[in-house]
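Before any comments, here is the structure.
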Amino acid sequence: LYSEFSGFAGGSILIGKDFIVGISAEYSHSTFKNFSPASMLHVNTGALLTLSPILRAGVSVSNILRGSYDPDSRLVHQRILLGLGVEVLPTLYIDADANISLSEYTGFTLAARYDALDALHCRLAISSAPRMAELSVALRPLNSIAVVATGQYHDVLGLSEQIGIVWYW
């Protein structure tokens with residue numbers, strides 16, 4: 001009934017010792033049964049500020065170019081995330097985010113990341129809007145490469161899975 005392929009690329013730069021800015025782009029191509037295929041480009045930007053050795057604040061703005069599968073649609077999905085994260089232990093991180101949609105909903109996300117080993121990281125998150133839960137596992141066998149697997153459960157769309165490779169340089 002539905003299939004989607006997406007590719008994602010991004011980068012960031014450290015400005016000073018406490019401020020990181022980044023940008024990313026994602027191209028998606030979807031096919032739906034009984035409809036024409038559609039493509040979309042999203043460009044996103046964000047920043048992270050270290051407030052203290054254990055406290056960070058961040059902002060992310062998605063789809064700044066207002067990409068949409070339907071260019072004639074009045075509904076364009078754009079979001080602003082405002083977050084605060086704290087290092088509870090050297091291996092446990094908790095963050096809370098406000099998820100502000102410019103065309104639909106506003107909600108909150110609460111997430112925790114646990115570093116079981118230097119090369120194994122686990123993340124659990126729940127969100128109020130959209131209502132969903134996420135479990136991610138990242139395996140980093142080398143300092144420059146990580147394999148990430150994510151499962152998301154959305155109350156309307158059901159379960160979706162993602163797998164990716166992250167390259168650090």
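Values in this document were obtained by computation on a predicted structure and should not be read as measured data.
- The shortest non-hydrogen separation linking A129 to G107 is CB-CA, 3.8 Å.
- You'll find the side chain of V61 stays beyond 4.5 Å of the side chain of N44, heavy atoms only.
- Contact check for T31 versus K33: no side-chain heavy atoms found under the 4.5 Å cut-off.
- By the salt bridge (Lys or Arg N to Asp or Glu O under 4.0 Å) test, R123 pairs with E134, sequence neighbours left out.
- A 6.0 Å sphere centred on CG of D155 holds more than 12 heavy atoms belonging to other residues, nucleotides or ligands.
- Both I23 and L65 are assigned to one and the same hydrophobic cluster, defined by single-linkage of ILVMFWY side chains at heavy-atom distances under 4.5 Å.
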Legend entry - Steps toward side-chain contact (heavy atoms from CB on, under 4.5 Å) verdict (T45, V21): CA-CA 8 Å; T45 189; V21 294; 6.0 Å; no
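- Hydrophobic cluster membership is shared by F19 and I54, with clusters built from Ile, Leu, Val, Met, Phe, Trp and Tyr side chains linked at under 4.5 angstrom.
- Side-chain contact between R79 and N99: present, with at least one pair of heavy atoms (C-beta onward) separated by less than 4.5 Å.
- Here D97 pairs with nothing under the salt bridge (Lys or Arg N to Asp or Glu O under 4.0 Å) rule; sequence neighbours left out.
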Inset, instruction - Start with the C-alpha distance between E104 and H77, add both sets of side-chain angles, then the distance that settles side chain to side chain donor-acceptor pair (under 3.5 Å), and finish with yes or no. - result: CA-CA 8 Å; E104 295 175 282; H77 299 283; 2.7 Å; yes
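- Between L81 atom CG and F108 atom CZ the span is 12.0 Å, to the nearest 0.5 Å.
- Side-chain contact between L51 and L84 is present, with at least one heavy-atom pair separated by less than 4.5 Å.
- For the atom pair OG of S24 and NE2 of H42, the computed distance is 10.5 Å after rounding to the nearest 0.5 Å.
- In this structure, the side chains of D95 and V86 stay at 4.5 Å or more apart for every pair of heavy atoms.
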Inset, instruction - Show the numbers, then the answer: is there a side-chain contact (heavy atoms from CB on, under 4.5 Å) between V148 and V166? - result: CA-CA 7 Å; V148 180; V166 179; 4.0 Å; yes
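- Atoms CG and CD, from L159 and Q152 in turn, are 9.0 Å apart once rounded to the nearest 0.5 Å.
- Using modelled atom types, no side-chain atom of Q162 and backbone atom of T150 make a donor-acceptor pair closer than 3.5 Å.
- In this structure, S28 contributes its side chain and L41 its backbone to no donor-acceptor pair below 3.5 Å.
- Separating the CD atom in E4 from the CZ atom in F32 is a distance of 7.0 Å, to the nearest 0.5 Å.
- For the atom pair CG (D18) and CG (L48), the distance works out to 10.0 Å, reported to the nearest 0.5 Å.
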Inset, instruction - Please lay out, stage by stage, how S6 and Y27 fare under the test side chain to side chain donor-acceptor pair (under 3.5 Å). - result: CA-CA 5 Å; S6 20; Y27 173 79; over 6 Å; no
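- I20 has its side chain out of reach of L49: every pair of non-hydrogen atoms, C-beta onward, lies at least 4.5 Å apart.
- Here the closest non-hydrogen pair linking T50 and S52 is CG2-O, 3.2 Å.
- Under the salt bridge (Lys or Arg N to Asp or Glu O under 4.0 Å) criterion, D118 pairs with no residue at all, not counting sequence neighbours.
- No more than 12 heavy atoms of other residues, nucleotides or ligands sit less than 6.0 Å from atom CD1 of I13.
- In this structure the side chain of T91 reaches within 4.5 angstrom of the side chain of Y114, judged on heavy atoms.
- Under a hydrophobic clustering in which Ile, Leu, Val, Met, Phe, Trp and Tyr are joined whenever their side-chain heavy atoms come within less than 4.5 Å, directly or via other members, I126 and V137 fall into different clusters.
- Contact annotation: the side chain of I145 approaches that of I165 to within less than 4.5 Å [non-hydrogen atoms, C-beta and beyond].
- Residues S101 and T106 share a closest heavy-atom pair of N-OG1, 4.2 Å.
- Listed for the D115 side chain is no donor-acceptor partner under 3.5 Å among the backbone atoms of H121.
- Rounded to the nearest 0.5 Å, atoms CG (L92) and CD1 (I94) are 5.0 Å apart.
- Side-chain N or O atoms of Y105 include none that pairs as donor or acceptor with a backbone N or O of L102 at under 3.5 Å.
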